[in-house]
Amino acid sequence: MKRWIAFLIALSLATAQGVPPVFRLHVIADSNSEADQAVKLEVRDAIIQELGDMDGAQTSQEQYAARHLEELIETANSVLEEEGFPYRATAEIGTFEFPDKTYGDVLFPAGEYRALRIKLGQAEGQNWWCVLFPPL
């Protein structure tokens, strides 16, 4: 409960200043085929597991992801290889456009957010995203 209250206060203050205090994960599938969409979720799970507990500050989240970007790409590629997919993953950290998204009772309005973006193959399929920080 305390974490939720702190999160809502931080979100309110930062949103009032125009800077959302979140760091997101964005995984984009190669295509919309059933197999590509399924492996996207497997990659997502592996990346979240690799990142572990994300209880630090936003900047440390980004710094950790930046320092371990090659390892995160290797994790994604490992999943793709194990599942027999011929394409590979790329990753980048940046500011990207996101649509409205509701997590529980909290609405993240459409806009630009800092994120770790993982692209699988041609990255022409449906995507998946979540908030890495603050932990929800």
Item to check | Partners meeting side chain to side chain contact (heavy atoms under 4.5 Å, CB included) with Glu81 (sequence neighbours left out) | outcome: Arg88
Item to check | Residue list, side chain to side chain donor-acceptor pair (under 3.5 Å) with Asn32, at least two apart or on another chain | outcome: Gln37
Next on the checklist: Tell me whether the count of non-hydrogen atoms from other residues, nucleotides or ligands lying under 6.0 Å of CD in Glu34 goes above 12.
Outcome noted: no
Next on the checklist: Quick one, Arg67 and Gln63 - any side-chain contact, counting heavy atoms below 4.5 Å?
Outcome noted: yes
Item to check | With sequence neighbours excluded, residues passing side chain to side chain donor-acceptor pair (under 3.5 Å) with Thr102 | outcome: none
Checklist outcome for this item: Scanning both residues in full, the closest heavy-atom pair of Ala110 with Asp100 reads N-OD1, 2.6 Å
Checklist entry - Which class fits the ring pair His26 and Phe98: parallel under 30°, tilted 30 to 60°, perpendicular over 60°? => result tilted
Checklist outcome for this item: Smallest heavy-atom separation, Ile73 atom then Ala89 atom, equals CG2-O, 3.6 Å
Checklist outcome for this item: Taken in chain and number order and not counting sequence neighbours, the residues that satisfy side chain to side chain contact (heavy atoms under 4.5 Å, CB included) with Glu82 are Ser78
Next on the checklist: Would you compute the distance between atom CD1 of Ile48 and atom CG of Leu25 and round it to the nearest 0.5 angstrom?
Outcome noted: 5.5 Å
Checklist entry - Do any pairs count as a salt bridge (Lys or Arg N to Asp or Glu O under 4.0 Å) and have a residue in residues 116-125, sequence neighbours left out, and if so which ones? => result Glu92-Lys119
Next on the checklist: Strictly by ring pair (Phe, Tyr, Trp, His ring centres under 6.0 Å), give each pair with a member in residues 74-95 just once, sequence neighbours left out.
Outcome noted: Phe85-Tyr87
Next on the checklist: Would you say that Leu41 contacts Val27 through its side chain, given a criterion of any heavy-atom pair below 4.5 Å between the two side chains?
Outcome noted: no
Checklist entry - Could you give the distance from NZ (Lys40) to CG (Asn127), rounded to the nearest 0.5 Å? => result 6.5 Å
Checklist outcome for this item: By side chain to side chain contact (heavy atoms under 4.5 Å, CB included), Ala46 pairs with (sequence neighbours left out) Thr75, Val79
Checklist outcome for this item: Sequence neighbours excluded, the answer for side chain to side chain donor-acceptor pair (under 3.5 Å) partners of Ser33 is Ser31, Asp36
Checklist outcome for this item: Closest heavy-atom pair, Ala76 versus Ile118, reported as atoms and distance to 0.1 Å, is CB-CG2, 4.4 Å
Checklist entry - Ile28, Leu120: one ILVMFWY side-chain cluster at the under-4.5 Å cut-off? => result no
Item to check | Between OH on residue Tyr64 and CG on residue Leu72, distance to nearest 0.5 Å | outcome: 7.0 Å
Checklist outcome for this item: Asp45 meets the side chain to side chain contact (heavy atoms under 4.5 Å, CB included) criterion, sequence neighbours left out, with none
